[in-house]
2 protein chains.
Amino acid sequence: MVTIKDVAKATGVSPSTVSRVIADNPRISLDTKKKVRKAMKNLGYHPNVNARNLVAKSTKAIGVIMPSSADKALQNPFFPEILRGIGSVTHDMQYSLTLSTGETDEEILDEVQRMVYGSYVDGVILLYSRLNDSVMNFLMEKSFPFVIVGKPYDYISEITHVDNDNFSAGKEITNHLIKQGHKKIAFIGGSRDLFVTMDREAGYEAAMKEAGLSYPESYKIHAEFLKSGGRDAVSQLFALSEQPTGIVVSDDLMSLGVLSTLEESGFSVPKDISLVSFNNVYLSEITRPALTTVDVRIYELGAQSAKALIEKTTNKSEPAKRIIIPYDIVYRGSVSKKS
Amino acid sequence: MVTIKDVAKATGVSPSTVSRVIADNPRISLDTKKKVRKAMKNLGYHPNVNARNLVAKSTKAIGVIMPSSADKALQNPFFPEILRGIGSVTHDMQYSLTLSTGETDEEILDEVQRMVYGSYVDGVILLYSRLNDSVMNFLMEKSFPFVIVGKPYDYISEITHVDNDNFSAGKEITNHLIKQGHKKIAFIGGSRDLFVTMDREAGYEAAMKEAGLSYPESYKIHAEFLKSGGRDAVSQLFALSEQPTGIVVSDDLMSLGVLSTLEESGFSVPKDISLVSFNNVYLSEITRPALTTVDVRIYELGAQSAKALIEKTTNKSEPAKRIIIPYDIVYRGSVSKKS
DNA sequence: CTGTTAGCGCTTTCAA
DNA sequence: TTGAAAGCGCTAACAG
């Protein structure tokens with residue numbers, strides 16, 4: 001391994017000078033800088049991060065914590081996409097990215113503790129937000145820099161988070177259905193533990209209310225993410241006497257399951273039932289029919305959260321922020337007019 | 001920050017003793033071990049990785065290199081799933097996981113070089129295999145520990161890799177179509193640069209040949225992964241005078257696109273056209289019809305590659321290995337008999 | 001069984 | 001503008 005000393009020797013300067021050249025210290029003459037840089041290149045010198053981190057007390061690395069993979073939510077193309085967003089800024093800022101690998105909640109907490117205590121990372125991004133999450137509590141208590149993608153349950157004004165206005169989005173997409181003449185509109189969402197679901201649902205309710213439409217409890221279903229969840233939800237819904245003609249589904253992946261179950265049960269989308277959903281993962285373009293859905297700009301959610309986190313780690317006194325990413329509605333074939 | 005010295009002082013032993021307790025050195029008396037451990041707990045001591053890495057010349061971290069996200073292949077649920085597999089073993093072995101974040105090939109090479117030269121990681125997993133890949137060449141040249149998921153183009157017996165027997169899989173799944181009475185069978189694959197595609201295609205050809213069936217060049221299409229690719233492929237195929245009745249598609253995600261284009265064009269699957277494919281990502285269960293596909297055990301591919309890599313990093317003289325993960329065929333609704 | 005010492009590669013005062 | 005020296009937190013001979 002080529003060290004700073006080797007470069008120093010080769011150039012005839014001291015190690016500290018080399019170090020200063022690396023840091024591009026303005027008090028070093030251009031001449032020596034050039035000389036040193038040339039030697040670095042020749043010898044193939046690269047700084048050792050561990051040595052640097054040790055003294056600098058900073059790692060230029062951030063940890064990304066995924067939800068426990070118990071729920072198969074991880075399969076959601078949402079995650080690769082948000083990782084791309086995060087990666088784009090970490091890459092630009094020369095940060096590295098450490099991923100959580102635990103499967104259960106305890107394993108994840110364990111890992112986060114190691115990341116924090118062992119100075120693996122300078123800060124952490126939480127890719128989920130749940131009620132009373134132990135990881136979040138830990139981070140809060142240690143006042144270790146972190147940001148949440150989504151909306152925190154507590155301490156909302158003390159925690160930097162990056163989110164969409166899911167309430168508005170829910171309202172707007174429901175209104176779209178209403179404007180097309182639908183009156184009986186149901187809602188299918190994921191776990192009530194997740195804030196996204198609740199916000200989108202609240203938006204749905206607000207729209208229904210404003211339009212003077214009823215939304216009985218039986219119209220609001222909460223299910224698992226994957227196929228089985230969609231199946232249950234649909235069968236529950238169509239056992240009702242007043243069958244809905246439109247459904248708001250809180251995630252594209254669930255929509256896929258719902259879509260497929262619907263057609264299996266002999267309903268045609270959008271002829272019999274209209275469907276709208278959220279996220280606009282690439283899948284929503286591929287389905288038959290393609291989905292009308294809210295584009296939440298996943299990539300941007302990731303990029304902004306990374307940016308906010310890095311700011312926080314470099315300036316600890318940076319105040320907590322709430323960053324709202326705008327959304328768009330993408331109109332495709334899963335909705336039809338109801339007369 | 002609580003250091004080893006603090007613990008030493010609190011216990012009345014020397015720092016080295018504390019270090020030995022951490023390493024669970026057998027030459028330390030149980031008594032002192034207990035004492036020290038208690039103090040560590042009380043003080044909230046956690047070892048600093050950077051200091052440790054610096055002297056140990058090992059990081060207990062591995063780098064995972066994704067394909068350049070230029071091609072949207074990254075959206076493939078294949079990746080989260082293989083990360084889960086890798087994560088399961090890195091977690092068990094207390095390793096951490098660093099992800100590549102570059103978008104272009106140069107950016108990725110850059111990053112890998114930093115990972116290697118800067119001793120960020122002990123080894124690297126390449127999640128793709130392409131002809132004459134600069135990252136692979138770099139790793140080879142530096143003889144830095146790495147493993148490839150898939151099949152390397154060159155130096156095949158010198159590079160540890162984890163793969164399926166894609167040739168057999170391709171043959172077997174094609175034979176399934178043939179046994180159902182299909183005679184005109186086409187192949188749709190991804191880029192010819194990727195070894196997976198080529199192996200699967202070769203298997204398809206072998207099956208056709210053995211069955212005495214013809215497979216003109218026009219029956220073998222190579223397209224992009226996502227929707228547009230599927231669309232092009234299908235239109236090319238059905239412009240032919242001899243339209244196929246069965247299609248072997250080299251990836252589930254592509255199948256989704258193909259499926260949807262097929263139905264848009266008025267063909268019904270499996271009534272008019274039968275479809276088989278590869279990977280068995282969760283999507284293949286959700287489509288209408290659900291896909292008959294080769295389950296390549298993605299999770300296992302990940303887990304085994306991590307295991308092999310860690311072995312390699314801990315024992316540099318470990319010989320190169322080829323690890324073949326068995327596959328299964330999952331029969332679902334996308335194939336029908338042809339009389 | 002335990003302590004002393006040196007040193008991993010780097011940054012950063014303090015001096016010059 | 002540069003160098004010498006100390007030290008980040010830890011491990012690993014070597015000694016005892």
Side-chain angles (χ1 to χ4, degrees), chain A residues 1-37 39-40 43-61 94 96 114-122 314, chain B residues 1-37 39-40 43-61 94 96 114-122 314:
Chain A
M1 163 164 266
V2 186
T3 78
I4 224 171
K5 276 187 194 163
D6 301 318
V7 180
K9 222 166 273 174
T11 334
V13 299
S14 76
S16 36
T17 301
V18 178
S19 172
R20 286 191 262 256
V21 173
I22 294 169
D24 203 15
N25 188 314
R27 303 191 314 201
I28 299 289
S29 76
L30 210 77
D31 259 22
T32 34
K33 273 190 187 172
K34 271 187 190 151
K35 251 193 332 192
V36 170
R37 292 213 176 101
M40 295 199 307
L43 300 180
Y45 168 79
H46 289 259
N48 179 309
V49 249
N50 294 303
R52 172 179 292 183
N53 291 348
L54 184 56
V55 19
K57 265 138 187 36
S58 132
T59 62
K60 297 253 268 170
Q94 304 245 57
S96 62
R114 271 189 33 215
M115 285 190 188
V116 171
Y117 286 132
S119 16
Y120 280 83
V121 297
D122 291 343
T314 47
Chain B
M1 164 165 265
V2 185
T3 78
I4 224 172
K5 275 187 194 163
D6 300 317
V7 179
K9 220 165 274 174
T11 335
V13 299
S14 78
S16 41
T17 301
V18 178
S19 174
R20 285 192 263 257
V21 172
I22 294 168
D24 203 14
N25 188 315
R27 302 190 316 199
I28 299 289
S29 75
L30 210 76
D31 259 23
T32 33
K33 273 191 186 172
K34 272 186 190 153
K35 251 193 332 191
V36 171
R37 292 214 175 98
M40 295 198 309
L43 301 180
Y45 169 78
H46 288 260
N48 179 310
V49 250
N50 294 302
R52 172 180 292 186
N53 292 348
L54 184 55
V55 20
K57 264 135 188 36
S58 133
T59 61
K60 297 252 269 170
Q94 305 245 56
S96 62
R114 271 190 32 215
M115 284 189 190
V116 171
Y117 286 132
S119 11
Y120 281 83
V121 296
D122 292 343
T314 48

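By convention in this document, chain letters (A, B, ...) are assigned in the order of the sequence lines, proteins followed by strands, and residues within each chain are numbered from 1. The analysis underlying the following values was restricted to heavy atoms, covering all of them including side chains, and did not include hydrogens, waters or symmetry mates.
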What are the two closest heavy atoms between [X] and [Y], and how far apart are they?
| X | Y | result |
| --- | --- | --- |
| A/Ala8 | A/Pro15 | CB-N, 3.7 Å |
| B/Thr3 | B/Tyr45 | C-CE1, 3.6 Å |
| A/Tyr120 | A/Ala61 | O-CB, 3.7 Å |
| A/Ala39 | A/Val7 | CB-CG1, 4.1 Å |
| A/Ser119 | B/Asn48 | OG-ND2, 3.4 Å |
| A/Ser29 | A/Thr32 | OG-OG1, 2.6 Å |

Whether B/Thr11 side chain and B/Val13 backbone form a donor-acceptor pair below 3.5 Å: no
Any donor-acceptor pair under 3.5 Å from B/Lys33 side chain to B/Asn25 backbone: yes
Straight-line distance of [X] [atom1] to [Y] [atom2], nearest 0.5 Å:
| X | Y | atom1 | atom2 | answer |
| --- | --- | --- | --- | --- |
| B/Leu43 | B/His46 | CG | NE2 | 11.0 Å |
| B/Asn50 | A/Leu54 | CG | CG | 6.5 Å |
| A/Lys35 | A/Asp31 | NZ | CG | 7.5 Å |
| A/Gln94 | A/Ser96 | CD | OG | 10.5 Å |

For DNA chain D, which residues in [range] have a heavy atom at a distance below 4.0 Å?
| range | value |
| --- | --- |
| residues 47-60 of chain A | A/Leu54, A/Val55, A/Lys57 |
| residues 3-20 of chain A | A/Gly12, A/Val13, A/Ser14, A/Ser16, A/Thr17, A/Arg20 |
| residues 22-35 of chain A | A/Arg27, A/Ile28, A/Ser29, A/Thr32 |

Scan the side chains in residues 16-23 of chain B for donor-acceptor partners under 3.5 Å anywhere in the protein, sequence neighbours excluded, and list what turns up.
from, atom 1, to, atom 2, distance (Å)
B/Ser16, OG, B/Ser14, OG, 2.9
B/Thr17, OG1, B/Ser14, OG, 3.2

DNA chain C: 5'-most and 3'-most nucleotides touching chain B, 4.0 angstrom heavy-atom criterion: C/dC1 to C/dG9
Neighbour count >12 (heavy atoms, 6.0 Å) for atom NZ, B/Lys60: yes
Donor + acceptor pair across side chains of B/Asp122, B/Thr59 (<3.5 Å): yes
Contact boundaries on DNA chain D for chain B, cut-off under 4.0 Å to non-hydrogen atoms: D/dG9 to D/dA13
